[in-house]
Amino acid sequence: MRYWLFKSEPSTWSWDQQVAKGDTGEEWDGVRNYQARNFMREMAVGDRGFFYHSQSEKAVVGTVEVIAEAHPDSTTDDDRWECVDIRALHAAKTPVTLDQIKADPRLSDMVLVKNSRLSVQPVSKAEWQIICDMAGLPG
DNA sequence: GCCAACGTTGGC
DNA sequence: GCCAACGTTGGC
């Protein structure tokens, strides 16, 4: 199983909206970046990811599970763009902020720190465990 | 609201 | 195929 991070502006698509979709989940659509798309193509059903709020909140707020592999993005006719489907798993007891992540030397290599603009990114297993511990999330 | 960083586009 | 211009993102 691999680990990822999905970034969204809460004003566009929030954790609460994702939770409201329940086990049906929702497309992670709207990605128009090749790197992010390529990571989605690597995803397998059952992979886990963090749900991160950018902009005002800047924090990991929960975990999600990939429930469908990459398929064409229904929000565009451009066949270059694909997306996976994800469903909410667990809400963080304590959201882990970008400040906390930056303050932890064990997390200094995270893509979130190094390339803040990438909206879909891989997370190492070690990083996953550290942030789950900080958030009060089941690993 | 600003600006730096970065990705994409299009002209050559 | 290069590179300048432009648009977008996201942290501050």
Side-chain angles (χ1 to χ4, degrees):
Chain A
M1 190 202 296
R2 297 181 66 185
Y3 302 96
W4 310 93
L5 184 144
F6 297 87
K7 182 162 46 187
S8 182
E9 296 180 33
S11 58
T12 305
W13 182 252
S14 70
W15 170 250
D16 286 345
Q17 287 173 284
Q18 184 69 52
V19 168
K21 289 287 177 179
D23 289 344
T24 309
E26 180 72 358
E27 282 191 351
W28 194 259
D29 56 31
V31 171
R32 301 291 182 269
N33 172 284
Y34 291 107
Q35 260 187 292
R37 182 208 61 190
N38 290 344
F39 285 132
M40 288 199 287
R41 284 181 173 173
E42 293 180 26
M43 293 180 190
V45 171
D47 280 1
R48 302 291 168 88
F50 288 126
F51 194 108
Y52 175 86
H53 276 168
S54 65
Q55 305 275 114
S56 55
E57 196 172 353
K58 285 172 291 183
V60 171
V61 293
T63 54
V64 297
E65 179 184 22
V66 175
I67 56 171
E69 290 182 19
H71 57 81
D73 184 331
S74 68
T75 63
T76 177
D77 291 333
D78 190 332
D79 60 14
R80 290 177 298 173
W81 305 121
E82 299 176 11
C83 57
V84 296
D85 294 357
I86 61 173
R87 69 179 177 100
L89 278 186
H90 304 286
K93 287 197 181 73
T94 313
V96 177
T97 66
L98 182 61
D99 284 348
Q100 285 175 270
I101 290 169
K102 283 184 169 174
D104 193 321
R106 296 172 299 170
L107 301 174
S108 61
D109 284 336
M110 277 192 75
V111 182
L112 190 64
V113 176
K114 292 191 154 177
N115 182 4
S116 60
R117 295 185 52 202
L118 187 60
S119 61
V120 176
Q121 48 183 267
V123 171
S124 76
K125 185 167 188 183
E127 292 160 354
W128 178 265
Q129 287 300 339
I130 291 164
I131 291 173
C132 282
D133 287 347
M134 292 166 82
L137 282 160

Grab the [atom1]-[atom2] distance between [X] and [N] for me, whole Å please.
X        : N      : atom1 : atom2 : result
A:Lys102 : C:dG11 : NZ    : C1'   : 7 Å
A:Asn33  : C:dT8  : CG    : P     : 14 Å
A:Arg32  : C:dT8  : CZ    : P     : 13 Å
A:Leu118 : B:dT8  : CG    : C1'   : 15 Å
A:Glu57  : C:dT9  : CD    : P     : 19 Å
A:Gln35  : B:dA5  : CD    : C1'   : 13 Å
A:Leu5   : C:dG10 : CG    : C1'   : 14 Å
A:Glu9   : C:dG11 : CD    : C1'   : 12 Å

Any [X] side-chain nitrogen or oxygen under 4.0 Å from OP1 or OP2 of [N]:
X        : N      : answer
A:Lys7   : C:dG10 : yes
A:Tyr52  : C:dG11 : yes
A:Lys114 : C:dG11 : no

(message) Assess whether a salt bridge exists between A:Asp23 and A:Arg87, defined as any Lys/Arg side-chain N lying under 4.0 Å from an Asp/Glu carboxylate O.
(response)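 The answer is yes: the pair qualifies as a salt bridge.
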(request) Could you tell me whether A:Arg37 and A:Glu82 have a side-chain N and a carboxylate O separated by less than 4.0 Å? (result)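 Salt bridge between A:Arg37 and A:Glu82, a charged N being under 4.0 Å from a carboxylate O: no.
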(message) Taking the ring centre of each residue, are A:Tyr34 and A:Trp81 less than 6.0 Å apart?
(response)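 Ring-ring flag for A:Tyr34/A:Trp81: true, centres closer than 6.0 Å.
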Closest nucleotide among [options] to the [X] side chain:
X        : options               : result
A:Asp99  : B:dG7, C:dG11, C:dC12 : C:dC12
A:Asn115 : C:dG10, B:dT8, B:dC6  : B:dC6
A:Gln55  : C:dG10, C:dG11, B:dG7 : C:dG10
A:Ser119 : C:dG10, B:dT9, C:dC12 : C:dG10
A:Ser54  : C:dG11, B:dT9, B:dT8  : C:dG11

(request) Please work out whether the ring planes of A:Trp4 and A:Phe39 are parallel, tilted or perpendicular, with thresholds of 30° and 60°. (result)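 A:Trp4 and A:Phe39: tilted rings.
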(message) What's A:Leu98 touching, base or sugar-phosphate or nothing? Going by heavy atoms closer than 4.0 Å.
(response)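 A:Leu98: backbone/sugar contact only, no base atoms under 4.0 Å.
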(request) Establish whether the base of C:dT8 is bridged to the side chain of A:Arg117 by a donor-acceptor pair shorter than 3.5 Å. (result)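 Side chain to base: pair present.
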(message) Is it the case that the side chain of A:Thr76 and the backbone of A:Asp78 share a donor-acceptor pair, with hydrogens and angles ignored and the cut-off at 3.5 Å?
(response)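 The answer is yes, because a donor-acceptor pair under 3.5 Å joins these two groups.
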